[in-house]
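Single-structure report; data block below.
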Amino acid sequence: MHSRRNFLRLSSISLPVLLSTDQFSIKKNKKPIVVATWDSGVSVANKAWEVLQEENGSALDAVHAGAISIENEISCCVGLGGNPDRDGIVTLDACIMDHQFNCGGVAGLERIKNPISVARKVMEETPHVLLVGAGAQQFALEQGFKLESGKLSASANDAYKEWLKDSKYTPVMNIEQTQLRINTKGSGPSAPGIFKDGSFNHDTMGLIALDSKGRLAGACTTSGMGFKMRGRVGDSPIIGSGLYVDNEVGAVVATGQGEEVIRTSGAHLITEFMRQGKSPAKACKLAIERIVKINPTKSRDFQVAYIAINKRGNFGSCCIHPGFSYAVQNEEGSQLHTAPTFF
Ligand code: ASP
């Protein structure tokens, strides 16, 4: 997600252990544990881990803290520094879920710095699950959140100007291998989140955790697809698509082309596969296979990736194309994994 800047930052904290695809599932009973999407998941998982280490540190507080930490950064894909929609406005999607089916989300939220915190307020302070657009912003203001300026970050502004040259909506799958980030055509980004050929990038920070008391929780936050249609909502704020938690079974979060995740109710589907006894890795693989099966041609051009943990603290992942990394933090330390792929 953050390429070079992030990697340098990581190396000053603690260098993660790099693991290859055949080590994607630890069979031991490990808790607490936190798993987060992409390279930037390493620092996010670190933040969540600090909470899990506290006495009574809950999985819910851990994933919340991790999500806030990345929303506060300038990133192409999460928080107010993210790329705007095609009208030049940054709209944020987020959701959060705990071990008791409590959940909340916001979609199309503008000018509020921490959508994950608003999502948590939706969960805790309202009878609803999802608030959108102006209503979500109104609720956030009522809850004491500050209205930010709405000005694009310098990098998003550059990316938007670049995009306006052609104004083409051409999502490109992310390929992220530790600090190296290239797009499918092999050209590096000319500005964060946009490539020399005018195509652009997208990401979501999704993280799932199991605390020492056996409580699962998950959080998901994104600015969605860069240069999306105004009003477009992806999978990330939708419980059952971008995120799902069932404390009897496990927790799942998604990143990638949201429309395909929604079409297959991805996170819920994987939870149900785990309920049937599949490992997190196998359950993710089956859900990816389903997306490819219904999109035999189109799936060559888009990315979807899932991460999952089960009740025992085993974890796994799968994605359609090479280039998806995810971070794991447990008592064995901080690790960055490369997910197994369909193609
Ligand atoms: N899933 C996000 C969306 O569709 C984007 C991403 O994760 O790359 O909005």
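First listed ligand is number 1; within each ligand, the first listed atom is number 1. One-based numbering along the sequence shown.
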Check your understanding: Can you tell if the side chain of H128 reaches within under 4.5 Å of the side chain of F139, non-hydrogen atoms only?
Key -> no
Check your understanding: Considering distance alone, does some N or O of G258 sit under 3.5 Å from an N or O of ligand 1?
Key -> yes
Exercise for review: Could you list which atoms of ligand 1 come closer than 4.0 Å to a heavy atom of M225?
Suggested key: 9 (O)
Review point. Counting from 1, what ligand 1 atoms have a heavy atom of T255 closer than 4.0 Å?
Key: 6 (C), 7 (O), 8 (O)
Review point. Would you find more than 12 non-hydrogen atoms of other residues, nucleotides or ligands less than 6.0 Å from E248 atom CD?
Key: no
Check your understanding: At a non-hydrogen distance cut-off of under 4.0 Å, which region of E260 contacts ligand 1 (side chain, backbone, both, or neither)?
Key -> neither
Check your understanding: Do the ring centers of H337 and F315 come within less than 6.0 Å of each other?
Key -> yes
Check your understanding: Relative to each other, are the rings of Y244 and H268 parallel, tilted or perpendicular (30° and 60° limits)?
Key -> perpendicular
Point to revise | Under 3.5 Å: donor-acceptor pair, side chain of S317, backbone of A305 | key: no
Check your understanding: Hey, does R232 sit under 4.0 Å from ligand 1 if you only count heavy atoms?
Key -> yes
Check your understanding: Nearest non-hydrogen atom to atom 5 (C) of ligand 1 belongs to which of G206, G234, G256?
Key -> G256
Review point. Purely on distance, is any nitrogen or oxygen of Q257 under 3.5 Å from one on ligand 1?
Key: no
Exercise for review: Report the relative orientation of the aromatic rings in W163 and F227; use parallel for angles under 30°, tilted for 30 to 60°, perpendicular for over 60°.
Suggested key: parallel
Practice item. Mind listing the closest non-hydrogen atom pair of P32 and N330 along with its distance? Key: O-CB, 3.7 Å
Review point. Closest heavy-atom contact between C103 and M97?
Key: CB-CG, 3.8 Å
Study note, to complete from the structure: For D235, the ligand 1 atoms with a heavy-atom partner under 4.0 Å come out as 1 (N), 2 (C), 3 (C), 4 (O)
Practice item. Report the part of D203 in contact with ligand 1, treating N, CA, C, O as backbone and CB onward as side chain, heavy atoms under 4.0 Å; options are side chain, backbone, both, neither. Key: backbone
Exercise for review: Report, in ascending order of atom number, the atoms of ligand 1 lying under 4.0 Å from any heavy atom of S236.
Suggested key: 1 (N), 2 (C)
Check your understanding: Looking at G224, which atoms of ligand 1 are within less than 4.0 Å of one of its heavy atoms?
Key -> 9 (O)
